[in-house]
Amino acid sequence: MPELPEVETVRRGLAPVLENATLTEVQVRTAKLRWPVPKDLAKSLVGDRVLGLRRRAKYLLMEMTGGGVAIIHLGMTGHMTIWRETPPPPGRHDHMDLLTDAGVCVRFTDSRRFGALLLDHRDTITENKLLRNLGPDPLSNRFDGQELARRLKGRASPIKAALMDQRIVAGLGNIYVSESLFRSGISPKRKSGTVQGGRAEKLAVAIRGVLADAIAAGGTSLRDHVSPDGAMGYFQHQFSVYGREGKACPGCVCDVEKTGGIRRLVQAGRSTFYCTRRQR
DNA sequence: CGGCAAACCTGCGAGC
DNA sequence: TGCTCGCAGGTTTGCC
């Protein structure tokens, strides 16, 4: 499920029920996630009020009045569900419940358990190992064509790999990299260092546009619901290339029979989808 | 440092 | 129907 637009959708769904709420109970049923859930999690959070729910790249940061900050990552299959009434009995993959003084339950579910919940403190959060090397958030004003060009300069790797690298730009994943490259007309195989000037500008604009459109659509729902209120995201219906191998490129008028349509290739172990005619 | 495969997990759909 | 295989939205680690 979660790249930046899905995480932002989750943040927006949870914020109204978590912000200003006091946590009355934290139930951890599965401590074995991407990293072990801290043993003192409940002790650190219960009784504190949630000051704010923020997002940094694909991480959710829940800031507490006591100074604690819960760092949440949804991994590949993690999602959150809000229960305003008594929640159903937890299933095998319902690893955690956060209960608030308003009687709301926020349940964390993650079948593959690549997600994480860790603790830090507001005084040390900027030096946190998971956060300190992240590149700019593409929707922030720290990100534009010039900044992207600077970060790509001199790199020999294909641009697909560079955009997947969270140190270059933070928040893209496999779907939105393919879609952004398509929108900017850049081949995923192009050497990163050659994406400079106008080309970098175009790519930066494409990244921002794709992410903004995806957030407006409530993210992408391929297998899981993304929104904590159960609503499906529908950006998958706007995909130009992702998952569309052999289908017609939306920008090409050529016959699919002749061109073969959208191509798939594997780069660094991940599928990339692109159009050989429109992306150079 | 760069690049790549493997590792961590489970579920699902395709094909036989 | 039921099994096996490949693939899946992420990130770290370890090896050349």
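All chains are named by letter (A, B, ...) in the order of the sequence lines, taking the proteins before the strands, and each is independently numbered beginning at 1. Just so it is clear, the model here is predicted, and its values are computed rather than measured.
A salt bridge does not link A:D120 with A:K129: none of the charged nitrogens is closer than 4.0 Å to a carboxylate oxygen. Using a cutoff of 4.0 Å between basic side-chain nitrogens and carboxylate oxygens, A:E127 and A:R132 are not scored as salt-bridged.
One atom, CZ of A:R112, and another, P of C:dA8, lie 10 Å apart when rounded to the nearest Å. The separation between A:Y242 atom OH and C:dG10 atom C1' is 12 Å, rounded to whole Å. When rounded to the nearest whole Å, the span between CD1 of A:I175 and P of C:dG10 equals 7 Å. One interatomic measurement links the two molecules: CE of A:M76 to P of B:dA7, which rounds to 16 Å at whole-angstrom precision. When rounded to the nearest whole Å, the span between CG of A:D165 and P of B:dC4 equals 13 Å. With rounding to whole Å, A:I71 atom CD1 is found 16 Å from C:dG10 atom C1'. One can place CZ of A:R113 at 10 Å from P of B:dG11, the figure rounded to the nearest angstrom. Between the P atom of C:dA8 and the CG atom of A:N174 lies a distance of 7 Å, rounded to the nearest Å.
Sequence neighbours left out, not one pair with a member in residues 184-219 of chain A passes ring-ring contact (aromatic ring centres under 6.0 Å, His included).
Using modelled atom types, one finds no donor on one side chain facing an acceptor on the other under 3.5 Å when comparing A:T24 with A:D101. For the residue pair A:K202 and A:S184, no side-chain donor N or O sits within less than 3.5 Å of a side-chain acceptor on the partner. A donor and an acceptor atom, one from each side chain of A:Q236 and A:T220, are nowhere located under 3.5 Å apart.
Applying a 4.0 Å cut-off to non-hydrogen atoms, the residues of residues 150-163 of chain A that approach DNA chain B are A:A156, A:S157, listed by residue number.
Surrounding CD of A:E85 are at most 12 heavy atoms belonging to other residues, nucleotides or ligands under 6.0 Å away. Within a 6.0 Å radius of CD in A:Q146, no more than 12 heavy atoms belonging to other residues, nucleotides or ligands are found.
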Review point. What dot-bracket string describes DNA chain B from 5' to 3', counting Watson-Crick and G-U wobble pairs whose defining distances are under 3.5 Å, with [ ] for crossing pairs and | for pairs to another strand?
Key: .|||||||.|||||||

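Between A:Y176 and A:F239, the gap from one ring centroid to the other reaches at least 6.0 Å.
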Can I get a per-line list of side-chain donor-acceptor pairs under 3.5 Å for residues 193-201 of chain A, giving both atom names and the distance, sequence neighbours left out?
residue	atom	partner	partner atom	Å
A:T194	OG1	A:R190	NH1	2.9
A:T194	OG1	A:K191	O	2.7
A:Q196	NE2	A:A149	O	2.9

Donor-acceptor list for residues 42-50 of chain A side chains, cut-off 3.5 Å, not counting sequence neighbours:
residue	atom	partner	partner atom	Å
A:S44	OG	A:D40	O	2.8
A:D48	OD2	A:G66	N	3.2
A:R49	NH1	A:N20	OD1	3.1

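OP1 and OP2 of C:dG9 both lie 4.0 Å or more from every side-chain N or O belonging to A:R223. For A:H79 and C:dG9, the shortest distance from a side-chain N or O to OP1 or OP2 is not below 4.0 Å. Between A:S271 and C:dA8 there is a side-chain N or O to OP1 or OP2 distance below 4.0 Å.
The P atoms of B:dA5 and C:dC7 are separated by 13 Å, rounded to the nearest whole Å.
Put simply, A:L18 and A:V26 are part of the same group of oily side chains (I, L, V, M, F, W, Y) that touch within less than 4.5 Å, one to the next.
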Point to revise | Protein proximity profile, nucleotides 11-16 of chain C - base contact B, sugar-phosphate-only contact S, no contact -, cut-off 4.0 Å on heavy atoms | key: BS----

